[in-house]
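When reading the values below, keep in mind they use all heavy atoms of this one structure, side chains included, and skip hydrogens, waters and symmetry mates. Just so you know, residue 1 is the first one in the sequence shown, and it goes up from there.
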Amino acid sequence: MAVSALFRQFVLKVHSRCDLACDHCYVYEHADQSWRGRPLRMTGATMARTAERIADHVRAHGLDEVCLVLHGGEPLLAGPDHLRDLIIALRGPLRGLCDIDLHLHTNGVRLDREFCDLFREHRVKIGISLDGDRAANDRHRLYRDGRSSYDKVVKAVELLRTEYPDLYSGLLCTIDVKNDPIAVYEELLAHEPPAIDFLWPHHTWDRPPPRPSATAYSDWLIRIADRWFADGRPVAIRMFDSITSTSQGGRSFTESLGLEPTDLLVVETDGRYEQVDSLKTAYDGAPGTGTDVFQNSVDQAGEHYGVAARRGGLAALCTQCKECPVVATCGGGLFAHRYRGDGSGFDNPSVYCDDLFTLVEHVRKRVAERPDVLPPAVLRSLAAGHGDRSAISRLKSTQAVGNLSLLVTIGRATTPGPAWDLVKRVEAEDPASLDAVLAHPYVRVWAAERLRDLEWGADPADDGLIAAVACVAAARAGLSAELQIPVRGGAAYFPTVGRFAVLDKDVTTVVVADGRIHVPDAGEPEEVRRVRAGRLSVALEDLDPFRDRHDWPAAGRLSDKEFDRWRIFLREAWELLEADYAEYAEGIAGALSTIVPLKDPGGGRSVSSAARDAFGSVGIALPETPALLCLLLLHEFQHVKLGAVLDFVDLYDANDHAKYQAPWREDLRPIEGLLQGTYAHIAVADFWRRRAQSPDSGTAVEACAHFDEWYPKTLSAVGVLEASGALTGLGEQFVAGMRTTLESWRPPPEVPSAPAPSRGPQRGAAD
């Protein structure tokens, strides 16, 4: 049985004719000619019934807002009196149910003060079609007798801009590559619109657009995009803003881009439900649903197969689109533009495929110049499972920007003092030294917790961490300073340096000089100890008071014997990592800075965890063998990477509160937990897959058994993610990358008499 669609936008055709004869109009100039049999105007009764159907839909789906667009033809042909009646009929059934975002799209030639006063009274926003300067606009937008519409349209735009700015929603411009793009941009910008919407001319594979080159349309748009970026993005341009947003997992602001399911339904003047108007380009009757407001609910219209095809996300696209690196942003382009009358229907890429690819890549590169953005190439590399050197490097640099941003935000909300003054001094004189201290994972944990406290209105007591950070950064920078800092638990801790025991004092003096930290009230510090193994250099952090943020308790200070055992195991584990898991080792060496030893759980169990805000750190209870330590490092570093990605891009809908079944757990998981666990188990399955090739038959037999357990579970979890409906377009593409990696593996041959898998590592809550 078909699933009812959820609509939030309704285009209401209040008049079916137009006073212009634009030769690129999809209503009158393309394959569908159903306008000829439509009533000229929507009646009040039809509008009232339409409003009742929309109200029923709002109640059924608990919507808090709907967008309603009065459209045509040319809606102003209905006249102010009739439009007033229609607006009143439309608002009545929806009053008190939800917010209404009411718009009208017009060619502008009839817009005057009488109409504007009516629209102000009823809070109707107005968008006007203008294709650029006089030459550009008059290339297509003429009266039937060939007269120019430009002067009247500009007069209407200026009326809105100067006298009714509260109604002015923006300008719509259909692209024509014969026009000068910069002249078009400057003309539109001169009218100070709140937004500009560049529209692709409607064409299909059967009637392709005229183009002097394969990428003529993208070349035209790129010239505008570069000028727009150079101007500091002075106006919202929906196409470019949508590319920017979807590149970071956000929503698209136009139907022509993105993988989000369509939420738009059209109601014609006779009350018939139709799909989007652009389908009129494909073939006669293409937009029809066979339903109307008098006999059918909105949900019944949504059961039409064409609506379902436009709500299928990545799975509904053709193979070429699914495999395209820009699909999360492009979304296959506008549905109508995929049509080919050779029997393939809409199962094709857009007729503007080359243009879309070129434009998306160009704008993405411009956006990626910002240091707080993860470029698509980084996400594709990470989605494959490990991430190459450049991807991990960008992940680190983006985190550094985020760390400083966190600190600045906290500083602005905190009473200034000597510690903050020293932080600002180091930032001014040697920012790299401050960045190095802020990169300590548990400084970030502290900052995230402090920011949450401030957002909740709490005023936590000074725990001394800012002063400690300031002292360490100043020492690195070779500056001199003296600060008073609080003593916690009989000690003063300095990130990356160590702990000074300070007895019987609540506050102590810290002197920074000659690149060192001195605490006159204390003796020699307990230092943070490091382990070096090949390219890997990590701190075994057993002192930091903020380190106990894992799903298993942190161990106390390691004895010398315990530290030596960690050192031996880490060196052997690293040798295995570099030998057999080199792709993963590259990222771990580049970004893993800290390991927090966890308490031994006993019973031969292995325990590991990654704290969500502690980029660069994992928590591990030392397991029985270096090989298991290698596995735990692989597993937890997956969480570290994905957590960092989620700090900057949206892979899932944060408002999705459903729970999903992870094949390795009995309890249901939220979408982030399932995503984290699946990503981590790619490394687990890969560990056993490669270990199954060991020349040691005992090791190979055990590894095959483990692989046979974890590979199908991980692949199954990918399927749960894909079917969840909770992923953003970027999330769908990221998970598709995970699937590609899994499906590229050829499972090792079955090994006779393989023993049952022994108990695997006990996972953290993120799994």
Task: F734-Y679 aromatic ring centre distance below 6.0 Å - done: yes
Task: Side-chain heavy-atom pair E743, M738 within 4.5 angstrom cut-off - done: no
Open item on the list: Please tell me whether R53 and S297 have a donor and an acceptor in their side chains that are separated by less than 3.5 angstrom.
Closed with: no
Task: Any donor-acceptor N or O pair under 3.5 Å, side chains H103, D101 - done: yes
- [ ] Compare all side-chain heavy atoms of L6 with those of D263 and state whether any distance is below 4.5 angstrom.
- [x] no
Task: Shortest non-hydrogen contact between L668 and Q661, atoms and distance - done: CD2-OE1, 3.3 Å
Open item on the list: Please list all pairs meeting ring-ring contact (aromatic ring centres under 6.0 Å, His included) that have one or both residues in residues 712-731, counting only residues at least two apart or in different chains.
Closed with: none
TODO: Might you work through the ring-ring contact (aromatic ring centres under 6.0 Å, His included) test for F637 and Y584, ending with a clear yes or no?
DONE: CA-CA 9 Å; F637 194 69; Y584 296 91; 9.2 Å; no
Open item on the list: A quick test of your reading: do over 12 heavy atoms of other residues, nucleotides or ligands sit less than 6.0 Å from CZ of R394?
Closed with: yes
Open item on the list: Can a donor-acceptor pair be found, under 3.5 Å and without considering hydrogens, that links the side chain of W552 to the backbone of K599?
Closed with: yes
Open item on the list: Is there a side-chain hydrogen bond (donor to acceptor under 3.5 Å, both in side chains) between T291 and Q300? Walk through the geometry before answering.
Closed with: CA-CA 8 Å; T291 58; Q300 287 173 322; over 6 Å; no
Open item on the list: Looking only at the side chains, is there a donor atom on one of S617 and T594 sitting less than 3.5 Å from an acceptor on the other?
Closed with: no
- [ ] Quick one: pull up OG1 in T254 and CH2 in W200 and give me the separation to the nearest 0.5 Å.
- [x] 10.5 Å
Task: Pair H681 + H635: ring centers closer than 6.0 Å - done: yes
TODO: Compare every heavy atom of D372 with every heavy atom of F648, then report the nearest pair and how far apart it is.
DONE: CD2-O, 3.3 Å
- [ ] Take Q399 and K396 through the side-chain hydrogen bond (donor to acceptor under 3.5 Å, both in side chains) test and state the conclusion after the steps.
- [x] CA-CA 5 Å; Q399 283 287 312; K396 282 183 65 177; over 6 Å; no
- [ ] Indicate whether any N or O donor in one side chain lies under 3.5 Å from an N or O acceptor in the other, for H386 and D686.
- [x] no
- [ ] Test side-chain hydrogen bond (donor to acceptor under 3.5 Å, both in side chains) on R364 and T329 and set out the steps.
- [x] CA-CA 10 Å; R364 279 181 164 186; T329 292; 3.0 Å; yes
Open item on the list: Between R612 and E672, does any NZ, NE, NH1 or NH2 come within less than 4.0 Å of an OD or OE carboxylate oxygen?
Closed with: yes
Task: Within-4.5 Å side-chain heavy-atom neighbours: Y273 and V266 - done: no
Open item on the list: Nearest 0.5 Å, please: how far is SG in C67 from CG in D99?
Closed with: 12.0 Å
TODO: Sorted by first residue and then second, give each side-chain hydrogen bond (donor to acceptor under 3.5 Å, both in side chains) pair with at least one member in residues 719-737; sequence neighbours left out.
DONE: E722-R739
- [ ] Decide yes or no for V69 and Q9: does some side-chain heavy atom of the first lie under 4.5 Å from some side-chain heavy atom of the second?
- [x] no
Task: Residue pair R669 / D667, side-chain heavy-atom distance below 4.5 Å - done: yes
Open item on the list: Nearest 0.5 Å, please: how far is CZ in R452 from CD in E455?
Closed with: 8.5 Å
Open item on the list: Can a donor-acceptor pair be found, under 3.5 Å and without considering hydrogens, that links the side chain of Y581 to the backbone of F687?
Closed with: yes
Open item on the list: For Y711 and F707, take the angle between the two ring planes, folded into 0 to 90°, and tell me which bin it lands in: parallel under 30, tilted 30 to 60, perpendicular over 60.
Closed with: parallel
- [ ] Kindly determine whether V276 and E255 satisfy side-chain contact (heavy atoms from CB on, under 4.5 Å), including the steps that lead there.
- [x] CA-CA 10 Å; V276 290; E255 191 189 8; 3.1 Å; yes
Task: Over all atoms of both residues, closest heavy-atom pair of V327 and K322 - done: CG1-O, 4.4 Å
Open item on the list: Taking salt bridge (charged side-chain N to carboxylate O under 4.0 Å, His left out) as the definition, give me every residue that meets it alongside D650, ordered by chain and number, with sequence neighbours left out.
Closed with: none
Task: Non-hydrogen side-chain atoms of F357 and P325 separated by less than 4.5 Å - done: yes
Open item on the list: Working to the nearest 0.5 angstrom, can you tell me the gap between H57 NE2 and R8 CZ?
Closed with: 8.0 Å
Task: Nearest heavy atoms of N348 and Y339, plus distance in Å - done: ND2-C, 4.4 Å
TODO: For R380, enumerate each residue passing the side chain to side chain donor-acceptor pair (under 3.5 Å) test, keeping only those at least two apart in sequence or located in another chain.
DONE: none
Task: Spacing of OG belonging to S608 relative to CD1 belonging to I620, to within rounding of 0.5 Å - done: 6.0 Å
Task: Short N-O contact, K365 and E361, less than 4.0 angstrom - done: no
- [ ] Can you label the angle between the W710 ring and the W664 ring as parallel, tilted or perpendicular, going by 30° and 60°?
- [x] tilted
TODO: Taking only Lys NZ, Arg NE, NH1 and NH2, and the carboxylate oxygens of Asp or Glu, determine whether R49 and E52 approach each other closer than 4.0 Å.
DONE: yes
- [ ] Using modelled atom types only, decide if a donor and an acceptor are shared between the side chain of S252 and the backbone of L257 within a distance under 3.5 Å.
- [x] yes
Task: Stepwise side-chain hydrogen bond (donor to acceptor under 3.5 Å, both in side chains) check, S350 with R338 - done: CA-CA 4 Å; S350 169; R338 307 173 203 166; over 6 Å; no
Task: Minimal non-hydrogen separation, G288 against Q275, with atom names - done: O-NE2, 3.6 Å
Task: Reported CD1-to-CG distance for the pair I54 and L90, which is rounded to 0.5 angstrom - done: 6.0 Å
- [ ] Just say parallel, tilted or perpendicular for the rings of F335 and F346, cut-offs at 30° and 60°.
- [x] parallel
TODO: Please answer whether the main-chain N or O of A448 pairs with a side-chain N or O of D613 as donor and acceptor at a distance below 3.5 Å.
DONE: no
Open item on the list: Using a strict threshold of under 4.0 Å (side-chain N to carboxylate O), is an ion pair present between R238 and D241?
Closed with: no
Task: Any L314 side-chain heavy atom under 4.5 Å of L317 side chain - done: yes
Task: Contacts of type ring-ring contact (aromatic ring centres under 6.0 Å, His included), residue H337, not counting sequence neighbours - done: H202, Y352
Task: Shortest non-hydrogen contact from V640 toward G616 - done: CG1-N, 3.5 Å
TODO: Name all residues meeting the ring-ring contact (aromatic ring centres under 6.0 Å, His included) criterion together with F10; count only those two or more places apart in sequence or in a different chain, and write none if there are none.
DONE: none
